[in-house]
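Below is one structure, written out as structure tokens, with a few remarks after it.
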Amino acid sequence: MARVLYIGGLGRSGTTLIERLLGELPGMCALGEVVHLWQRDIRDDERCGCGAAFSACDFWDAVGERAFGGWHQVDVYRVLALREMVERTRHIPRLAAARLPEDHVELIEEYAGYYSAIYEAAAMVSGASVVIDSSKHSALAHCLRWAPGIDLRVVHVVRDARGVAYSWTKTVVRPEAGDGAEMTRYSPTRSALLWNAHNAAFGLLARRGVPVRRVRYEQFLADPRRGLRELAGFAGLDVSAADLDFVTEERAELKPVHSAAGNPMRFTVGQVPLRRDDTWRSALPPTQRRLVGAVCAPLLRAYGYPLRSSR
């Protein structure tokens, strides 16, 4: 049974950074956002985090061979069709039910089975005890809980909704696409609604018996060594002080990884600074700060964030 540490939350919450740091620990293998592998990598042959095209990456070639007898054996359009049928945010109330019609369970298990095969193969190829999937999608996490072949543990990453809202307004180029393509942008109102929906969905997942550990981005960066030690323990691994030598409170040393998709930070190698990005406090207009704060007030309060933000 594959042990999976699933990193979830709304994008721009610091999930890629946490995945990269966890991926440096012995016994862990970071896979990036596997949810996008079918379209961006198998179909479009975008770049792996190691810099090579997906089709030229030895790691992913070995994973595909072990999981499916080669990526050419995967019907990408069947996977995407299943995703549309079962893994959408609007399906979460149904996915969270205690019981489902048998025919719908079969669809979910078929869809989750593709992920289970990748997780198991990646663990075998890498020799890791735990594979990390930073797909973030709450609906995918709900689908994975129905898969019998996955030991699922979820890290729910939250960040102040106003910081997330500001980040979604910024232009970020996707270098792996090679055509100047940009990451999706949302208005503050749209991102606030998504922040509520996705974070609430992870709370619902915990109530369905899935092990969920909530991590506040700001708190994690205040003491990253402690945060990594706690998350490793949550994943079932013991880490020593020497295992954490690559990270201090101010910076971390990152090695190349074979991440399937995700934030451009997955290509970063070498020393990276670790600091909170609080640009939103001055850059997000006051009216938008107040709007996002009002829309997200119940969960902001529940997660320990102040409702009034200062510059």
Should the pair Y114 and F68 be assigned to parallel (<30°), tilted (30 to 60°) or perpendicular (>60°) ring geometry?
tilted
Return the orientation label for the W71 and F54 ring planes: parallel under 30°, perpendicular over 60°, tilted otherwise.
tilted
Would you say that more than 12 heavy atoms from the other residues, nucleotides or ligands in this model lie under 6.0 Å from the CD of E102, or not?
no
Heavy atoms of other groups near R88 CZ, more than 12 under 6.0 Å
yes
When you measure from the centre of the six-membered ring of Y303, is the NZ or CZ of R216 under 6.0 Å away and within 45° of the axis?
no
Is there a side-chain contact between L140 and Y111, using heavy atoms and a 4.5 Å cut-off?
yes
Near D223 CG, under 6.0 Å, is it more than 12 heavy atoms from other residues, nucleotides or ligands?
yes
Is there a donor in the side chain of Y166 and an acceptor in the side chain of Q288, or the other way round, less than 3.5 Å apart?
no
Treat each ILVMFWY residue as a node, draw an edge where side-chain heavy atoms are under 4.5 Å apart, and state whether V295 and W280 are in one component.
no
Sequence neighbours excluded, every pair satisfying side-chain hydrogen bond (donor to acceptor under 3.5 Å, both in side chains) that has a member inside residues 147-165:
D151-R153, H156-N199, D160-R162
Inter- and intrachain pairs under side-chain hydrogen bond (donor to acceptor under 3.5 Å, both in side chains), touching residues 122-134, at least two apart
E19-S134, Y119-D133, D133-S135
Same apolar cluster (I L V M F W Y, side chains within < 4.5 Å links), V35/W38:
yes
Counting C-beta onward and ignoring hydrogens, is there a side-chain heavy-atom pair between V154 and R213 closer than 4.5 Å?
no
Not counting sequence neighbours, list each pair that qualifies as a ring-ring contact (aromatic ring centres under 6.0 Å, His included) and has a residue in residues 213-263.
F59-H258
